[in-house]
Protein chains: 2
Amino acid sequence: MTSSRPDGQRSPTLEEVAEWAGVSRSTVSRVINGVSTVDPELRELVQRAIDVTGYVPNLAARSLVTRRTDSVALVVSEPDDRTEQTEPFLNRIFTDPFLGRITAGALEVLRPEGIHLVIMPAESPAHHHVLRYLRQGHVDGVLLISSSDEDPLPQQLCDLGIPAVLSARPGKPLPMSYVDVEQQVGAKLAAEHLLAIGRHHLATISGPLDMPSSQDRLAGFRAALAVHGHAYVPSAAGNFTRASGEQAARDLFAAHPEIDGLFVANDLMAEGALQALRDLGRRVPEEVAVVGFDNSIAALQCRPQLTTIHQPLEEMAAEMARLLLARIGKADPKPRSVIFHPRLVKRESA
Amino acid sequence: MTSSRPDGQRSPTLEEVAEWAGVSRSTVSRVINGVSTVDPELRELVQRAIDVTGYVPNLAARSLVTRRTDSVALVVSEPDDRTEQTEPFLNRIFTDPFLGRITAGALEVLRPEGIHLVIMPAESPAHHHVLRYLRQGHVDGVLLISSSDEDPLPQQLCDLGIPAVLSARPGKPLPMSYVDVEQQVGAKLAAEHLLAIGRHHLATISGPLDMPSSQDRLAGFRAALAVHGHAYVPSAAGNFTRASGEQAARDLFAAHPEIDGLFVANDLMAEGALQALRDLGRRVPEEVAVVGFDNSIAALQCRPQLTTIHQPLEEMAAEMARLLLARIGKADPKPRSVIFHPRLVKRESA
DNA sequence: GACCTTGGAGAGAGCGCTCCCTGGAATACC
DNA sequence: GGTATTCCAGGGAGCGCTCTCTCCAAGGTC
């Protein structure tokens, strides 16, 4: 806020610009908002006045009347019951390439529209904090990354009528647009690839089981294997961090040393699994083949480089932004879902 | 914004709550803002009215008169000239544990004060975007993470009188508070440890050389070694990513195969260096000792675990938040610096 | 009982903007 | 030439809140 600028003077108002230019407040307002019915000569005069005075519209005043703020929030939400984890929430989300890709994709759409993106982590203790922020009208809408089907936030936003778009199929049916990838298809791709390269003892490391996407990947993997006669597939759940993948792999191989093919529900956990396998002296891919999920930068950084299921996160986030803008534009709340296709990216690990 | 709630009705106003309670607008306002001169009975009545109507103050209206928004921005800035990097800016900042720790530390202080934190990446094409956002008065102040001494943002904020606190010594002297760690001391700790464990051929991987903190770490390392007679220290610069650390290590060992002690300017690059050394068949720490910087989660995730220089990022961010709040509170612009102490954390790699 | 003090509620202005409405000048039409 | 039409600038209301000021009533003082 420029109210505390060093010289003590507040930033100029529309009125002052108008006075400088010798026109009315309305005219200046028109110039600023690009209304076409302004004499070109006057327009230029006003523009000069704006430049000279260093005028910047006061957002509060504007949005008081327009009821728009031209910014949307990217909320990364986490429910109460998963707070007892080894790695703090903020560490987790700011270490996973996921968020960066989502942000990049969303900005791709929002920036040209002149809409700002504010990123808000909402782990349990801050949940109500963030809700209050959203209710106060700081933003026009929210892109919601929710990590559990128990998360109340989608429902709350729905009830409050705050425009929102979800990053995945909601846990419970909700009249809300969302974007997703065909999780089951992705898992099937992984399963069939592992079978195709001759692996018979398959297992999987899943994400947290309260997440629809984790459930889908697990179910998809099992279903695809069932088709090929594999009735039982050992699995262990992680929480999408590297460390949890490492631990899950250790557990899995301790119980089932015969495993020769592993599907891991994201690249970060796969990287951890690779670490565990190295420690266990299992060669990848010769003895154990590993397939990840995401095709994030992490897949390229580990050794061997990860064969993985690509999901187009940037495009998905861009689509989320588009859906949100459409929703903000008109209050017509016909929820839409946009589903993307995964694909296998073959590298060294399988 | 609840203006688009499904039933089409806008969220209730102060006036409506007042009517419900049969009191004046002023009284409701007093209750909401916790003014003590309200009859307890009336207070309770008003509170009930607020609950029933589901009233939430309209932020725009409030901040129009108070000139406060009760939120501050965490801006991660990057200047123009470093945009040609291999890894996109957003990937970089959202993959480095750094940002998560900063956020956590800042929230520790801001949350109890009821102040919201919005995170804004400001890589080159969006720079003016973010500046506009800040000028519009969306936030009361900014915590600025700047990565180059060429970055114009600190100066701009200064000129505009927008309260801000920097995360490190500014490249050019500026009347602005900042927080830092004794970079040179940290580097010296690393140098002396490497010497103490009997290494003689030392080298370093630095951060980007347009960053004051990178310069300081490099200079500190060199200075400490000079004291022990080492006139020349091979170095290579990375950009704080894992991949850049890997590449720098390769370059360094190609040119100087005799290196037996390596100081790397952050843990992420050190992790990359470890990877390179593994590929090169050099055992760590037996043949090459490696010391990192940060003591981030990354230091624990790599093998061998990293000996590193701890910097208390969470506390530093908390202090930044405190300095900012003080600055926002009163316009008294006496800039303060708070310098933290690094310490060596010994693990496996050196 | 007349006066002063004090606690607590209401009235009103105004923050800076948008947007509708009005009105005057310029142009078009009969 | 008079009227209708268009164009474009200005006037004014009002968005929802805060905050100062006013005012009333209750209590205290002599």
So if I apply the side-chain contact (heavy atoms from CB on, under 4.5 Å) rule between Ser167(A) and each of Val76(A), Ile102(A), Ile145(A), Leu143(A), which one comes out positive?
Ile145(A)

Return the value, rounded to whole Å, for the distance between atom [atom1] of [X] and atom [atom2] of [N].
{"X": "Leu42(A)", "N": "dC7(D)", "atom1": "CG", "atom2": "C1'", "value": "13 Å"}
{"X": "Asn33(B)", "N": "dG16(D)", "atom1": "CG", "atom2": "C1'", "value": "13 Å"}
{"X": "Gln136(B)", "N": "dC15(C)", "atom1": "CD", "atom2": "P", "value": "20 Å"}
{"X": "Leu59(B)", "N": "dG16(D)", "atom1": "CG", "atom2": "P", "value": "14 Å"}
{"X": "Leu14(A)", "N": "dG12(D)", "atom1": "CG", "atom2": "P", "value": "17 Å"}
{"X": "Glu15(A)", "N": "dT18(C)", "atom1": "CD", "atom2": "C1'", "value": "13 Å"}
{"X": "Asp39(B)", "N": "dG10(C)", "atom1": "CG", "atom2": "C1'", "value": "15 Å"}
{"X": "Glu19(B)", "N": "dG10(C)", "atom1": "CD", "atom2": "C1'", "value": "15 Å"}

Between Arg25(A) and Val38(A), just flag the one whose closest nucleotide in DNA chain D comes earlier from the 5' side.
Val38(A)

Using only heavy-atom distances, decide whether a donor-acceptor pair under 3.5 angstrom links the side-chain of [X] to the base of [N].
{"X": "Arg30(B)", "N": "dG10(C)", "answer": "yes"}
{"X": "Ser26(B)", "N": "dA11(C)", "answer": "yes"}
{"X": "Arg67(A)", "N": "dG16(D)", "answer": "no"}

Please verify the inter-ring angle class for His129(A) with His116(B); under 30° counts as parallel, over 60° as perpendicular, anything in between as tilted.
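Judged by the thresholds at 30° and 60°, the geometry between His129(A) and His116(B) is perpendicular.
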
What I'd like to find out is whether the side chain of Leu90(B) reaches to under 4.5 Å of the side chain of Leu107(A), using heavy atoms alone.
yes

Is there side-chain contact between Val56(B) and Ser11(B), with heavy atoms separated by less than 4.5 Å?
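Of all side-chain heavy-atom pairs linking Ser11(B) with Val56(B), none is under 4.5 Å.
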
From the set dA9(C), dC17(C), dA9(D), return the single nucleotide nearest to any side-chain atom of Arg62(A).
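Selected nucleotide: dC17(C).
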
Side-chain donor-acceptor contact under 3.5 Å, Ser24(B) with Thr27(B):
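Yes, Thr27(B) and Ser24(B) have a side-chain donor paired with an acceptor closer than 3.5 Å.
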
Is any side-chain N or O of Thr13(B) closer than 4.0 Å to OP1 or OP2 of dG16(D)?
no

OP1 or OP2 of dC15(D) under 4.0 Å from side-chain N/O of Asn58(B):
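No, no such contact exists.
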
Given DNA chain C, 5'-ward residue of the pair Gly22(B) and Val65(B), judged by closest heavy atom:
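Its nearest nucleotide lies further toward 5', so the answer is Gly22(B).
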
